[in-house]
Amino acid sequence: MTSNDDYVLEILLERGLVTSEQVAKARQAHVSAEKTIVDQLVASGVISEREVLSALANQFGMEMISLQGVDIPLEVREMVSAEVARRYGVVPVYQNDNTLTVALSDPLNFDILDTLRYLLKCNVEGVVAARHEIKVALDRYYTVESSMESMLSQIADGAVDVAVSARQDMAQDGAEADTDAPIIKLVSLIILEAFRSRASDIHLEPLANRFRVRYRVDGVLHEMDSPPKRLQSSILSRVKIMASMKIAEKRVPQDGRIEVNIMGRELDLRVSSIPTNHGESIVMHILDKQNLALGLPKLGFLSDDQELFERLITLPDGIILVTGPTGSGKTTTLYACLGYINRPDRKIITVEDPVEYQMSGVNQVQVREDIGMTFAAALRSILRQAPNIVMIGEIRDLETARIATEASLTGHLVFSTLHTNDAPSAVTRLLDIGVKPFLVASSLRAVMAQRLVRTVCDDCREEYEPEMTEINALGPVAERLAGARLYQGRGCNRCSLSGYFGRQGIFEIFTVTDEIQRMIYEKVPASQLRSRARELGMRTLREDGVRKVANGTTTVAEVLRVTMGDQD
């Protein structure tokens, strides 16, 4: 673990962290030259690595820190090259005036800080962090290198396996693209690293003095080491060619799509560009076709909510709405619903903008507003196709809402989405659009609001005691955590030190009973609808989140993060 085993053992013995008998036993069991006696004590569970490092940090007057959840600014990371960081096993953490603070795992290696001071030409101070946290941070922050040569060396070693469809790999003037060109390989590497990082979005953002690349992982943006500013135009042009967009047009927003195969996985990248002050900003939304196979149980329902929701989506007619902000998983939920009820004896038609996933056995219609193929126009036509089930990507206007309502009243089951903060507010939204109260009351069967919370990493989960400020912020629902064993992620290589891996939904299911129908017809405010629905058994988003904290799925901090603006 460290460069001077005997000295470390002496410190541990002096501090009473180990006994002489435990050290003697470890010496007898020590058989590997690659492991020290201290490593043997850690492996046998006598003492933890963090306790060892904490003792050493205290001995030398150094601070012991955790890199879990720490987002190191790009300007700090750029002070230490990838080569230097990996060679000496250090991670730059923060800068104060002319002093750079780096995290290291061996405080007994006195030469590291002196060497860094010489190489970096500035004052360097050290703090102590666990060895595995250092490794994860190095892998996270120094994967996509700033230098073009380093990126291409990874490609030469066979690191990139991104196949683009032949149609999209042709330049727009008809000339075949040079698949060996460095820029093409660089863009492929950016996409590959996003896939490896489990990113849902890739953001390519031109700024005044640099070209920023960010990945959204589990709903949180992380800045990556980005290519040089001089490559900005070439990278953006390559992405636009792949997405069949007009590379000469840089004044108006454009949309496109890229189909790629990464290590045997079929992915669709939905591409959007918009002009900014310093060039075109491009976002690539990654759609993994394997997510279609998740099904309702993988969305995060607890058993009672899943049973209720399955009953609702198998009703013969009516409207089922899923609400929430952008990025809350509404589309995934709708596809999971269609997958659950997709049977040979049912005709299902969807109207989407855009069609995000291709579903077997489902008739999917793409909205094309430029040629008059709007949601409303498509709906009018597809109802003549005699479907049993209709899915509308989003209800945006009165005409779409009116046709959807009429369809539900004539024996069709209609699924759609709305942008509202909670479930009962969907009623108010429909009334504001202009739908008559009696039509809303007669057609609406249920509304489900949802959010996505990050789930605790299984590889590094450990019990924890939340801060009292967090408990107080939860409000009255916090009492439901009494006696529960709560878990959080310590941070490991699998979760990139975040403590979270993947996301699941928290839900608020508002069912329209006879009493609720009467209240809607009487145009009762959403606050009263919400209050009565809760009396009838509806759980709020926060209450469902607290249930998932209690069963160890997520943390108090995460539930607060996604429900802070919601009512209790």
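Nothing here was measured: the structure is a model prediction, and the numbers come from that model.
Between I65 and A103, the closest heavy-atom pair is CD1-CB, 4.4 Å. Nearest heavy atom pair, residue V91 against residue A137, reads CG2-CB, 3.8 Å. Between G89 and I134, the closest heavy-atom pair is O-CG2, 3.5 Å. A336 and L296 make their closest contact through CB-CD2, 4.0 Å (heavy atoms, listed as atom of the first residue, atom of the second, distance). In this structure, E49 and R131 approach most closely via the heavy-atom pair OE2-N, 2.9 Å.
One N or O on the side chain of T455 and one on the backbone of G502 form a donor-acceptor pair closer than 3.5 Å. Between the side chain of K330 and the backbone N or O of A449, no donor-acceptor pair lies under 3.5 Å. At least one donor-acceptor pair under 3.5 Å links the side chain of E543 to the backbone N or O of T540. Using a distance-only test at 3.5 Å, with no hydrogens or angles considered, a donor-acceptor pair links the side chain of T115 to the main chain of D111. Between the side chain of T563 and the main chain of V559, a donor-acceptor pair closer than 3.5 Å is present. Side chain of Q232 to main chain of H278: a donor-acceptor pair is present (N/O by atom type, distance under 3.5 Å, no hydrogens or angles). Not a single donor-acceptor pair under 3.5 Å links the side chain of K548 to the backbone N or O of L302. With hydrogens and angles ignored, the 3.5 Å screen pairs a side-chain donor or acceptor of S328 with a backbone N or O of P325. Of the possible polar contacts, one joining the R461 side chain to the G552 backbone as a donor-acceptor pair under 3.5 Å is found.
Looking only at side-chain heavy atoms (C-beta outward), I190 and Y215 come within less than 4.5 Å of each other. Using a 4.5 Å heavy-atom cutoff, the side chains of V128 and S105 are not in contact. Taking the side chain as every heavy atom from C-beta outward, S281 and E205 approach each other to under 4.5 Å. Contact check for V76 versus V93: no side-chain heavy atoms found under the 4.5 Å cut-off. Side chains of V102 and L113 form a contact here, defined as non-hydrogen atoms less than 4.5 Å apart. Counting heavy atoms from C-beta on, the side chains of L474 and R542 come closer than 4.5 Å. Using a 4.5 Å heavy-atom threshold, the side chains of L204 and V239 count as touching. Using a 4.5 Å cut-off on side-chain heavy atoms (C-beta onward), T323 and D422 make no contact.
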Next on the checklist: Before you tell me yes or no, could you show the steps for T333 and Q450 under side chain to side chain donor-acceptor pair (under 3.5 Å), namely the whole-Å CA-CA distance, both residues' side-chain angles and the distance that decides it to 0.1 Å?
Outcome noted: CA-CA 9 Å; T333 297; Q450 68 178 63; 2.7 Å; yes

Next on the checklist: If you apply the rule side chain to side chain contact (heavy atoms under 4.5 Å, CB included), what do you find for H285 with L269, and how did you get there?
Outcome noted: CA-CA 5 Å; H285 182 52; L269 276 63; over 6 Å; no

Item to check | Verdict with reasoning, H132 to R490, per side chain to side chain contact (heavy atoms under 4.5 Å, CB included) | outcome: CA-CA 11 Å; H132 78 278; R490 182 182 65 255; 4.2 Å; yes

Next on the checklist: T555 vs Y500, test: side chain to side chain donor-acceptor pair (under 3.5 Å). Steps then yes/no.
Outcome noted: CA-CA 9 Å; T555 63; Y500 299 99; 2.7 Å; yes

Checklist entry - Between I258 and M284, is a side chain to side chain contact (heavy atoms under 4.5 Å, CB included) present by the stated rule, with each step listed? => result CA-CA 9 Å; I258 303 172; M284 290 181 276; 4.3 Å; yes

Next on the checklist: Apply side chain to side chain contact (heavy atoms under 4.5 Å, CB included) to residues R210 and L207 and explain how you reach the verdict.
Outcome noted: CA-CA 5 Å; R210 61 191 181 95; L207 303 179; 4.0 Å; yes

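Considering only residues two or more places apart in sequence or on other chains, F501 meets the ring pair (Phe, Tyr, Trp, His ring centres under 6.0 Å) condition with none of them. Annotation: side-chain contact (heavy atoms from CB on, under 4.5 Å) contacts of A550 (sequence neighbours excluded): L481, A484. E558 pairs by the salt bridge (charged side-chain N to carboxylate O under 4.0 Å, His left out) definition with R454, R561, not counting sequence neighbours. Remark: S234 pairs with I183 by the side-chain contact (heavy atoms from CB on, under 4.5 Å) rule, at least two apart or across chains. Evaluation of the salt bridge (charged side-chain N to carboxylate O under 4.0 Å, His left out) rule for R539 yields D304, D305 as partners, not counting sequence neighbours. Taking D114 as the reference, R117 meet the salt bridge (charged side-chain N to carboxylate O under 4.0 Å, His left out) condition, with sequence neighbours excluded. In this structure E51 satisfies the side-chain contact (heavy atoms from CB on, under 4.5 Å) test together with I47, S48, sequence neighbours excluded. Among residues two or more places apart in sequence or in another chain, the salt bridge (charged side-chain N to carboxylate O under 4.0 Å, His left out) test is passed with E21 by none. Under the rule for a side-chain contact (heavy atoms from CB on, under 4.5 Å), the partners of V283 that lie at least two apart in sequence or sit in another chain are D201, H203.
Here side chain to side chain donor-acceptor pair (under 3.5 Å) pairs that include residues 92-102, with residues two or more places apart or in two chains, are T99-N123. Listed by first and then second residue, the ring-ring contact (aromatic ring centres under 6.0 Å, His included) pairs involving residues 450-482 amount to none (not counting sequence neighbours).
The environment of E307 atom CD is sparse: at most 12 non-hydrogen atoms of other residues, nucleotides or ligands sit within 6.0 angstrom. For E462, the CD atom counts as densely surrounded, since its 6.0 Å shell holds more than 12 non-hydrogen atoms of other residues, nucleotides or ligands.
With respect to the salt-bridge test (charged N to carboxylate O, under 4.0 angstrom), the residues R77 and E223 do not qualify. Salt-bridge check for E280 with K240: passed, with a basic side-chain N closer than 4.0 Å to an acidic carboxylate O. Look at E463 and R485 and you find a salt bridge, because one of the NZ, NE, NH1 or NH2 atoms lies within 4.0 Å of a carboxylate O, short of that distance.
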Kindly list each side-chain donor-acceptor pair under 3.5 angstrom involving residues 7-20, sequence neighbours excluded, with atom names and distances?
residue: R15; atom: NH1; partner: N58; partner atom: OD1; Å: 3.1
residue: R15; atom: NH2; partner: N58; partner atom: OD1; Å: 3.0
residue: R15; atom: NH2; partner: Q59; partner atom: OE1; Å: 3.2
residue: T19; atom: OG1; partner: Q22; partner atom: N; Å: 3.2
residue: T19; atom: OG1; partner: Q22; partner atom: OE1; Å: 3.4

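Note that CZ of R451 and CG of D544 are 12.0 Å apart. Values are rounded to the nearest 0.5 Å. Summarising the geometry, atom OH belonging to Y487 is positioned 10.5 Å from atom CG belonging to N551; distances are rounded to the nearest 0.5 Å.
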